[in-house]
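These notes are about the structure you will find just below.
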Number of protein chains: 2
Amino acid sequence: MATKCENCPLRRADMFIDMSSDEVRFMQRFKAGELVIEPGTPVLMEGSSSPQLYTALRGMGLRYKTLPNGRRQVINFVFPGDFLGLQAGVMREMTHSVEASTQMTLCVFNRSELWSFFKNHANRAYDLTWLAAVEEHFMGEAIATLGQRSAIERMAWALVRVFSRAEALGLTEGDQMNLPYRQQDMADALGLSLVHTNKTLAKLREQQLAAWTDGTLRIRNMKALAQLGMVDIEAPMKRPLI
Amino acid sequence: MATKCENCPLRRADMFIDMSSDEVRFMQRFKAGELVIEPGTPVLMEGSSSPQLYTALRGMGLRYKTLPNGRRQVINFVFPGDFLGLQAGVMREMTHSVEASTQMTLCVFNRSELWSFFKNHANRAYDLTWLAAVEEHFMGEAIATLGQRSAIERMAWALVRVFSRAEALGLTEGDQMNLPYRQQDMADALGLSLVHTNKTLAKLREQQLAAWTDGTLRIRNMKALAQLGMVDIEAPMKRPLI
DNA sequence: CGAGTATTTGATGCAGTTCAACGCTCGTGG
DNA sequence: CCACGAGCGTTGAACTGCATCAAATACTCG
């Protein structure tokens, strides 16, 4: 049975801006249902115009684009709290695909009601824009990473980012977390070959900075890792939840 | 003297969604003034929280981030019609800088009135979100470019994109346009060294695909260039203007 | 005319790609 | 119960696209 927004487990995580109970009621009305999908299942497809929008409730996934030459770029990793489908909602169609890496639970909204956000609930619309701006921020960081960082710096950057995000969501246990992606996924995210990704991870292990094996990421020296990846360990930005 | 929104030259360009006269009147009220800045002048600074938002009216500029190690990543090129400062508007502060490459005229809005967008003019707020989604789309493309394309493909991609955008704005003359950036800017945008950027441009010239010299870009074979850069020559997406 | 900035060209080196092969784990079917 | 293949991770070796180093050539402007 679908969770009530009132009891949404995400709202408890401290990375999200608090909602008024009025807002929660509005979201509940907006919510069309819940969707559980298995690993490997596509959620949204590039070029399609999904009638639905989603918020990831549980599980992890990937956003990616496929190029005409067949290569794949992973845009980012999808975590609980991510809003999916804004592009299809507001433009004609999706410009990237999303698929599940683990089993995922998605909160489903009807695209046709997106407009009521703007007409009837200005602060929720504001939050939506805020979310888009946050997304833009992270994509800007990714661009800087792909353009200016070396392989080992990229990897350090990615692991720090992923771990911090998970931490803010309460998905970590001590210095460990579940990271259910393949090395190929990370390679496609960082613009590296699979082979070099593997060797780079081995280096981080040797240097006692971080170890990612068997789907578990263990951070052994966060400070050094963050320094290597040139990440400001800013207090993770609070963001709204849709 | 400041242009009236009513007479805004941008609204004529066919890449922008039409505005109702009601919307135009609202924008006029929202508009705080006009700003003319000289080449090299910073408009927004990373880390600052500008009290103002801008729409580029005339001229070209750069969005960029500076990394802790001193390297610079150009996020994208700023063209007329671009909205600047959404991040500072909605989050605390800017996460990238913007500076002018030519003389620029900016349309100035007060950040404090951003909220009135959402409260009083839902369709303008919707357009703002739309713009953010468009921005996200292009940044996703840039990520794919930096991650998966070779040097010459990147360059071809960038030149096609830039030229198409300029064309939609009516800034081209036949197969030529003004491209007032330095090779270093392009290098920092594509994640290439200055030297290799130069050599890559030379190749495109030899191959009769495109020639960019003395601030003028000339496209000699758009079809081949687009194919090399793997760009879908999609009808340039219509977008709202703020 | 000299200083500063941008473009161009050649030479050398290395970070990361590509190719190739092997091991491990699982699921499937005979 | 074992054989087989598919998917993923790991490792070595060879190659190359691009970075880096170095220096010359415009161009602009005070």
Side-chain angles (χ1 to χ4, degrees), chain A residues 38-40 62 67 69-74 99 101-102 145-159 178-207 210-218 228-229, chain B residues 38-40 62 67 69-74 99 101-102 145-159 178-207 210-218 228-229:
Chain A
E38 295 307 310
L62 288 176
L67 279 81
N69 64 358
R71 303 186 60 162
R72 180 183 75 149
Q73 174 69 39
V74 169
E99 81 174 42
S101 295
T102 65
T145 296
L146 293 178
Q148 309 298 337
R149 280 180 247 249
S150 69
I152 200 165
E153 290 165 353
R154 290 183 208 191
M155 187 61 74
W157 173 84
L159 296 183
N178 233 24
L179 193 60
Y181 300 101
R182 289 161 301 167
Q183 293 188 359
Q184 183 70 64
D185 296 327
M186 185 58 85
D188 290 346
L190 299 183
L192 299 172
S193 71
L194 172 59
V195 172
H196 201 61
T197 298
N198 182 289
K199 288 173 179 166
T200 303
L201 284 168
K203 267 191 204 156
L204 289 179
R205 245 177 274 132
E206 278 167 32
Q207 298 179 22
W212 175 29
T213 44
D214 304 315
T216 301
L217 169 62
R218 181 166 175 206
L228 175 57
Chain B
E38 294 307 309
L62 288 176
L67 279 81
N69 64 358
R71 304 186 59 162
R72 179 183 75 150
Q73 174 68 40
V74 169
E99 80 175 44
S101 295
T102 65
T145 296
L146 293 178
Q148 309 298 336
R149 279 181 248 248
S150 70
I152 199 165
E153 290 165 353
R154 289 183 208 190
M155 188 61 75
W157 173 83
L159 297 182
N178 233 25
L179 193 60
Y181 300 101
R182 288 163 303 166
Q183 293 189 0
Q184 184 69 63
D185 296 328
M186 186 58 86
D188 290 346
L190 299 183
L192 300 172
S193 71
L194 172 59
V195 172
H196 201 61
T197 297
N198 182 288
K199 289 172 179 168
T200 302
L201 283 168
K203 266 191 207 157
L204 289 180
R205 245 177 273 130
E206 278 166 32
Q207 298 180 24
W212 175 30
T213 44
D214 303 316
T216 301
L217 169 62
R218 179 164 177 208
L228 175 56

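Reminder, nothing fancy here: chain letters follow the sequence lines and each chain counts from 1.
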What is the distance, rounded to the nearest whole Å, between atom CD of B:Gln183 and atom C1' of C:dA6?
8 Å
Output the rounded distance in Å from CZ (B:Arg205) to P (C:dT7).
11 Å
Between P on D:dG9 and CG on A:Leu194, what's the gap in Å once rounded to a whole number?
7 Å
Can you list the residues that meet the salt bridge (Lys or Arg N to Asp or Glu O under 4.0 Å) rule with B:Arg205, with sequence neighbours excluded?
none
Taking every non-hydrogen atom, the tightest pair across B:Tyr181 and B:Trp212
O-CZ2, 3.3 Å
Write down the atom of A:Pro180, the atom of A:Ser101, and the distance for their closest heavy-atom approach.
O-CB, 3.9 Å
Whole-Å distance, A:Met155 CE to C:dG16 C1', equals 13 Å
Test item: A:Asp214 side-chain N/O and A:Thr216 main-chain N/O as donor-acceptor pair under 3.5 Å:
no
When A:Asp188, A:Thr200, A:Asn198, A:Thr197 are each screened for side chain to side chain donor-acceptor pair (under 3.5 Å) with A:Gln183, the one that passes is A:Asn198
Specify the separation, in whole Å, of atom CD of A:Gln148 and atom P of C:dG16.
13 Å
Establish, with yes or no, whether the OP1 or OP2 oxygen of C:dT7 is under 4.0 angstrom from a side-chain nitrogen or oxygen of B:Asn198.
no
In the structure I gave you, are the side-chain heavy atoms of A:Leu146 and A:Gln73 within less than 4.5 Å of one another anywhere?
yes
Using a heavy-atom cut-off of under 4.0 Å over every strand shown, decide if B:Ser150 touches base, sugar-phosphate, or nothing.
sugar-phosphate
Whole-Å gap separating C1' (C:dT17) and CD (B:Glu153)
14 Å
So if I take residues 184-193 of chain B and measure heavy-atom distances to DNA chain D, which residues fall below 4.0 Å?
B:Gly191, B:Leu192, B:Ser193
Using a cut-off of under 3.5 Å, enumerate the N/O to N/O pairs linking the protein to nucleotides 19-26 of chain C.
none

Distance, rounded to the nearest Å, where A:Trp212 contributes CH2 and D:dG9 contributes P
7 Å
Any non-hydrogen side-chain atom of B:Asp185 less than 4.5 Å from a side-chain atom of B:Arg72?
yes
At their closest point, which heavy atom of A:Gly191 faces which heavy atom of B:Gln148, and how far apart are they?
CA-NE2, 4.2 Å
note: B:Asp214, atom CG; D:dA26, atom C1'; distance rounded to Å ~ 11 Å
Using every non-hydrogen atom in the two residues, find where B:Asn69 and B:Arg71 come nearest and quote the distance to one decimal.
OD1-N, 3.1 Å
